[in-house]
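The next block holds one structure in the form of structure tokens; read it before the comments.
Side chains included, hydrogens not; waters and symmetry mates left out as well; all remaining heavy atoms used. Worth saying up front: this structure is predicted, and the values here are computed from it rather than measured.
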Amino acid sequence: MLELGVFQTLIIVKKEEFGVYLAESIESGRTAESRVLLPKKQVPEGSAIGDSLRVFLYRDSSDRMIATVNRPKILLHEVARLKVKMVTKIGAFLDWGLEKDLLLPFHEQMRHVYQGDEVLAALYLDKSGRLCATMRIYPYLKKQSPYQVGDEVSGTIYQNAENFGVFVAVDDIYSGMIPRREAQAKYEIGTTMKFRVTGVKEDGKLDLSAREKSYLQIDADAEQILNVIQEQFSGELPFDDKADPQVIRETFGLSKAAFKRAVGHLYKERRIVLAPGIIRVTDN
């Protein structure tokens, strides 16, 4: 069976001036439906009927199945970073290393993409049997990584799910997530950053945190709080550490627990004054 999106070893069953036809066997190659063309410029010199060639199958600009000896930048069900060559009315076209660019339909985009962008995408077959790209890569990421709790990893954010958290492609290969309780800040799709592994699930998926351990993170949180109070509230915050967690999250991108730790730290250093319903920055 001829399969799109993967490499196959096929046999030359017919030669023409414009190339050779390939099939799984001499017998199956007797019918046109079981053959695929390898253009002349890609046929190895000296090739003869009966020779085997390893080729990749896709569809050309006329939607005909065609073979190539060139290796694309992505195979079926793989995930890779691909560059946007152009954006049209039907979607974006990605450079995947072949003559015909790869379509990323609008409904498979997780954010607006522009010419020159790099996107993390997977290769799939659509309902019409055409190879397309998708930024919905969750089903295509591997679940068994070499990482353990405490390891530092690099990952790319590819989806925000309010009910679950922030989904991350670790090393662009493995499935990871910042759980909702940890996902306090605003994370933009496409951002690559460092994370700390906080858990490894039974199925191998990784729980991640973009924050240091609390005793290491507290100084950074404290400075962030001071900056926000001074720049956005002229030095006096109109609520204290008893405020609603959602208000704290929207203002500082911190959980209530992290906010309380940092406020306590600032108070001990006498950099703020606490009063009912307000937090005021001192002149120290």
Flag side-chain contact, heavy atom, 4.5 Å: Ile157 against Met193: yes
Asp117 (side chain) donor-acceptor with Val119 (main chain) under 3.5 angstrom: no
same_hphob_cluster(Leu76, Leu10) at 4.5 Å side-chain heavy-atom cutoff: yes
Residues Asp207, Lys201; criterion salt bridge (charged side-chain N to carboxylate O under 4.0 Å, His left out); working and verdict: CA-CA 7 Å; Asp207 278 345; Lys201 297 184 180 299; 3.5 Å; yes
Partners meeting ring pair (Phe, Tyr, Trp, His ring centres under 6.0 Å) with Tyr158 (sequence neighbours left out): none
side-chain contact (heavy atoms from CB on, under 4.5 Å) evaluation trace for Ile74 with Leu82: CA-CA 9 Å; Ile74 188 172; Leu82 303 175; 4.2 Å; yes
Path from Ile278 to Val228 over hydrophobic side-chain contacts below 4.5 Å: no
Closest contact, heavy atoms only, Pro44 versus Leu53: CG-CD2, 3.7 Å
In one Ile/Leu/Val/Met/Phe/Trp/Tyr side-chain cluster, 4.5 Å: Met177, Val170: no
Shortest non-hydrogen separation from Thr9 to Ser52 and the atoms involved: CG2-CB, 3.9 Å
Gln109: side-chain contact (heavy atoms from CB on, under 4.5 Å) partners, not counting sequence neighbours: Ala92, Leu104, Phe106, Val113, Met135
Within-4.5 Å side-chain heavy-atom neighbours: Ser154 and Phe195: no
Close side-chain approach of Leu2 and Leu57, heavy atoms under 4.5 Å: yes
Steps toward side-chain contact (heavy atoms from CB on, under 4.5 Å) verdict (Tyr174, Leu141): CA-CA 5 Å; Tyr174 304 111; Leu141 292 172; over 6 Å; no
Trace of the salt bridge (charged side-chain N to carboxylate O under 4.0 Å, His left out) decision for Glu236 with Arg280: CA-CA 4 Å; Glu236 185 172 296; Arg280 185 182 302 114; 3.0 Å; yes
Salt-bridge criterion met for Arg81 and Asp172 (N-O under 4.0 Å): yes
Closest heavy-atom pair and its distance - Ile279, Ile272: CG2-CD1, 3.8 Å
CG-OG distance between Leu206 and Ser145, expressed to the nearest 0.5 angstrom: 4.0 Å
Glu99 bridged to Lys41 by N-O distance under 4.0 Å: yes
Donor-acceptor side-chain pairing of Thr156 and Thr192 below 3.5 angstrom: yes
Side-chain polar contacts of residues 63-70 - donor-acceptor pairs under 3.5 angstrom, sequence neighbours left out - could you list them?
| from | atom 1 | to | atom 2 | distance (Å) |
| --- | --- | --- | --- | --- |
| Arg64 | NE | Asp60 | OD2 | 3.1 |
| Arg64 | NH2 | Asp60 | OD2 | 3.2 |
| Thr68 | OG1 | Gln42 | OE1 | 2.7 |
| Thr68 | OG1 | Gln42 | NE2 | 3.3 |
| Thr68 | OG1 | Asn70 | N | 3.0 |

Those residues that, when tested against Glu202, pass side-chain contact (heavy atoms from CB on, under 4.5 Å) (two or more places apart): none
Gln246 CD: over 12 foreign heavy atoms closer than 6.0 Å: yes
Residues forming a side-chain contact (heavy atoms from CB on, under 4.5 Å) with Pro105, sequence neighbours excluded: Leu103, His107, Glu108, Tyr124, Cys132
Aromatic ring pairing Phe259/Phe239, orientation class (parallel under 30°, perpendicular over 60°, tilted between): tilted
Non-hydrogen side-chain atoms of Leu131 and Arg59 separated by less than 4.5 Å: no
OG1 on Thr198 to CG on Asp151, rounded to 0.5 Å: 11.5 Å
Check ion pair Arg196-Glu152 (N to O, under 4.0 angstrom): no
Minimum-distance pair of heavy atoms, taken over all atoms of Gly129 and Leu4: O-CD1, 3.1 Å
Gln8 side chain to Glu3 backbone, donor-acceptor under 3.5 Å: yes
Any pair counted as ring-ring contact (aromatic ring centres under 6.0 Å, His included), so long as it reaches residues 1-22, sequence neighbours left out: Phe7-Phe56
Straight-line distance of Asp95 CG to Leu102 CG, nearest 0.5 Å: 9.5 Å
Check against side-chain contact (heavy atoms from CB on, under 4.5 Å), Arg271 and Glu223: CA-CA 10 Å; Arg271 301 176 72 185; Glu223 293 302 322; 2.8 Å; yes
Check: Gln224 main-chain N/O paired with Asn227 side-chain donor or acceptor under 3.5 Å: no
Pair Glu16 + Lys14, salt bridge at N-O below 4.0 Å: yes
Ile178 reachable from Leu120 in the ILVMFWY side-chain graph, under 4.5 Å edges: no
Side-chain donor/acceptor of Ser47 to backbone N/O of Val43, under 3.5 Å: no
Main-chain N/O of Ser128 paired with Asp126 side-chain donor or acceptor, under 3.5 Å: yes
Lys/Arg-Asp/Glu bridge criterion (N-O < 4.0 Å) met for Asp203, Lys205: yes
Pair Leu22-Arg35, side-chain contact (heavy atoms from CB on, under 4.5 Å): steps then yes or no: CA-CA 5 Å; Leu22 308 172; Arg35 300 193 297 252; over 6 Å; no
Electrostatic pair Arg261:Asp241 at N-O distance under 4.0 angstrom: no
Side-chain heavy-atom pair His77, Leu123 within 4.5 angstrom cut-off: no
Ala133 to Ala121 - nearest heavy-atom pair and separation: CB-CB, 4.2 Å
Worked verdict on Lys85 versus Asp101 for salt bridge (charged side-chain N to carboxylate O under 4.0 Å, His left out): CA-CA 8 Å; Lys85 290 188 70 175; Asp101 296 327; 3.5 Å; yes
Minimum side-chain heavy-atom gap Phe167-Tyr187 below 4.5 Å: no
Distance in Å, Ile189 CD1 paired with Arg111 CZ, rounded so as to fall on 0.5 Å steps: 8.0 Å
Thr191 side chain to Glu188 backbone, donor-acceptor under 3.5 Å: yes
Taking every non-hydrogen atom, the tightest pair across Ile137 and Ala169: CD1-CB, 4.0 Å
Ile225 side chain reached by Leu266 side chain, heavy atoms, under 4.5 Å: yes
Straight-line distance of Gln115 CD to Met86 CE, nearest 0.5 Å: 7.5 Å
Non-hydrogen side-chain atoms of Pro179 and Phe164 separated by less than 4.5 Å: no
Joint cluster assignment, Val79 & Val168, ILVMFWY side-chain distance < 4.5 Å: no
